[in-house]
Amino acid sequence: EAMKDCSLVDRPQEFPVSKAGVWAEAIRRREPLVLNDYAAAHPAKTGLPEGHVALANLLVVPVFSGGKITAVGTDVAIPAGVTVTAEAHVVTVTGPRGALTRTLHPEMAVQFAEGALLVVRPSDAPKHRALHGLSRTLVANMVEGVTKGYEKRLAVVGVGYKAEVKPFGIMLTVGLSHTVDVKAPAGIKLTTEPPPPAQKVADNHSTTIAVSGADKELVGEIAAEIRGIRPPEPYKGKGIRYLTEKVRRKAGKTGTGAK
């Protein structure tokens with residue numbers, strides 16, 4: 001599939017003997033490529049039958065500098081209903097669940113292919129490899145956020161503990177001398193519900209809080225702030241915990257007195 005559109009490779013090149021050269025040459029030829037010396041010496045790098053390189057499910061864009069490949073970029077698919085724009089290093093993704101904007105590292109380049117966005121690094125230096133993976137993941141999270149969204153769920157555990165939905169967000173009653181108001185920032189939705197029996201983490205699990213939104217980082221940050229209001233204690237397990245969190249319990253005092 002990746003070999004169908006080779007418009008990004010507009011002229012033959014002398015490729016260095018490297019993994020990048022294998023991929024770029026295969027794209028240029030539009031056919032399976034006999035492995036060069038690098039791939040023959042590193043068959044584990046390919047995971048393919050000897051003598052061939054497959055390009056299915058991988059879109060590769062060679063970036064040329066002085067006639068040599070300096071980077072290879074992998075794609076982020078852009079689904080229907082999602083619009084992605086990039087100015088300099090500022091990427092904006094708009095979809096059914098809202099719009100997100102992020103500034104990528106200035107050394108990372110953004111390119112567009114048909115139905116995909118590509119993040120490209122300038123070299124194979126360890127710093128650039130790390131930034132490449134990070135940048136690509138951040139953009140992919142933005143695309144998923146505006147289409148499917150993200151959610152974190154927390155369990156409120158304790159006798160008399162509860163969470164109530166208010167116009168500003170939620171109000172918590174968690175064993176303190178006062179109630180605690182949690183305001184929902186823009187782009188975040190806070191809801192509560194009684195837990196189904198199958199999802200109860202404890203006998204006194206009274207309420208489940210759902211934190212949802214398009215921004216993965218903001219969803220995680222708000223969920224962590226809510227948990228921090230009353231973290232679970234280790235003796236009775238009272239407090240606010242993630243729904244999938246396992247609280248290590250401690251044994252209480254026996255009450256027999258010291259001898």
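These figures come from a predicted structure and were not determined experimentally.
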message: Considering only residues two or more places apart or on different chains, which pairs with a residue in residues 223-242 satisfy side chain to side chain donor-acceptor pair (under 3.5 Å)?
response: Tyr161-Arg230, Arg227-Glu245

Which atoms form the tightest heavy-atom contact between [X] and [Y], and what is the distance?
X	Y	value
Thr208	His205	OG1-NE2, 3.1 Å
Gly158	Ser206	O-OG, 4.4 Å
Ala155	Leu243	CB-CD1, 3.9 Å
Val146	Gly98	CG1-O, 3.5 Å
Ala210	Arg153	CB-NH1, 3.9 Å
Gly228	Pro231	O-CD, 3.5 Å

Would you say [Y] ends up clustered with [X] if hydrophobic residues are merged whenever their side chains have heavy atoms under 4.5 Å apart, either directly or through other cluster members?
X	Y	value
Phe168	Ile222	no
Leu134	Val143	no
Leu218	Leu154	yes
Ile78	Val91	yes
Val157	Ile240	no

- prompt: Can Thr173 and Val180 be said to form a side chain to side chain contact (heavy atoms under 4.5 Å, CB included), step by step?
  reply: CA-CA 7 Å; Thr173 303; Val180 179; over 6 Å; no

I'd like to check the side chain to side chain contact (heavy atoms under 4.5 Å, CB included) partners of [X]; sequence neighbours left out, ordered by chain and number.
X	result
Ala77	none
Thr207	Val156, Lys162, Ala163, Thr192
Thr137	Asn141
Pro234	Lys250

task: Determine, stepwise, if the pair Val139 / Leu117 fulfils side chain to side chain contact (heavy atoms under 4.5 Å, CB included).
output: CA-CA 9 Å; Val139 174; Leu117 178 144; 3.6 Å; yes

Any side-chain heavy-atom pair from [X] and [Y] closer than 4.5 angstrom?
X	Y	answer
Val76	Leu118	no
Val120	Val110	no
Thr85	Glu87	no
Leu138	Arg102	yes
Leu190	Val211	yes
Phe112	Val84	yes

query: Counting distance only, does the side-chain N/O of His89 pair as donor-acceptor with the main-chain N or O of Pro106 below 3.5 Å?
result: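 Pair found, side chain donor or acceptor close to backbone of Pro106.
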
Residues which pass side-chain hydrogen bond (donor to acceptor under 3.5 Å, both in side chains) with Arg97, listed by chain and number, not counting sequence neighbours: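 Testing Arg97 for side-chain hydrogen bond (donor to acceptor under 3.5 Å, both in side chains), a comparison that skips the adjacent residues, returns none.
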
message: Could you go through Thr92 and Leu100, starting from their C-alpha distance and side-chain angles, then the distance that decides it, and tell me whether this counts as side chain to side chain contact (heavy atoms under 4.5 Å, CB included)?
response: CA-CA 6 Å; Thr92 301; Leu100 297 173; over 6 Å; no

- request: Using the side-chain hydrogen bond (donor to acceptor under 3.5 Å, both in side chains) rule, pick out the option among His132, His105, Glu107, His128 that qualifies with Arg121.
  value: His132

- line: To the nearest 0.5 Å, atom CG of Asp181 lies from atom CD of Glu164 at 10.5 Å

query: In Å and rounded to the nearest 0.5 Å, what is the NE2 to CG distance from His178 to Leu172?
result: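 The CG atom of Leu172 is 11.0 Å from NE2 of His178, to the nearest 0.5 Å.
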
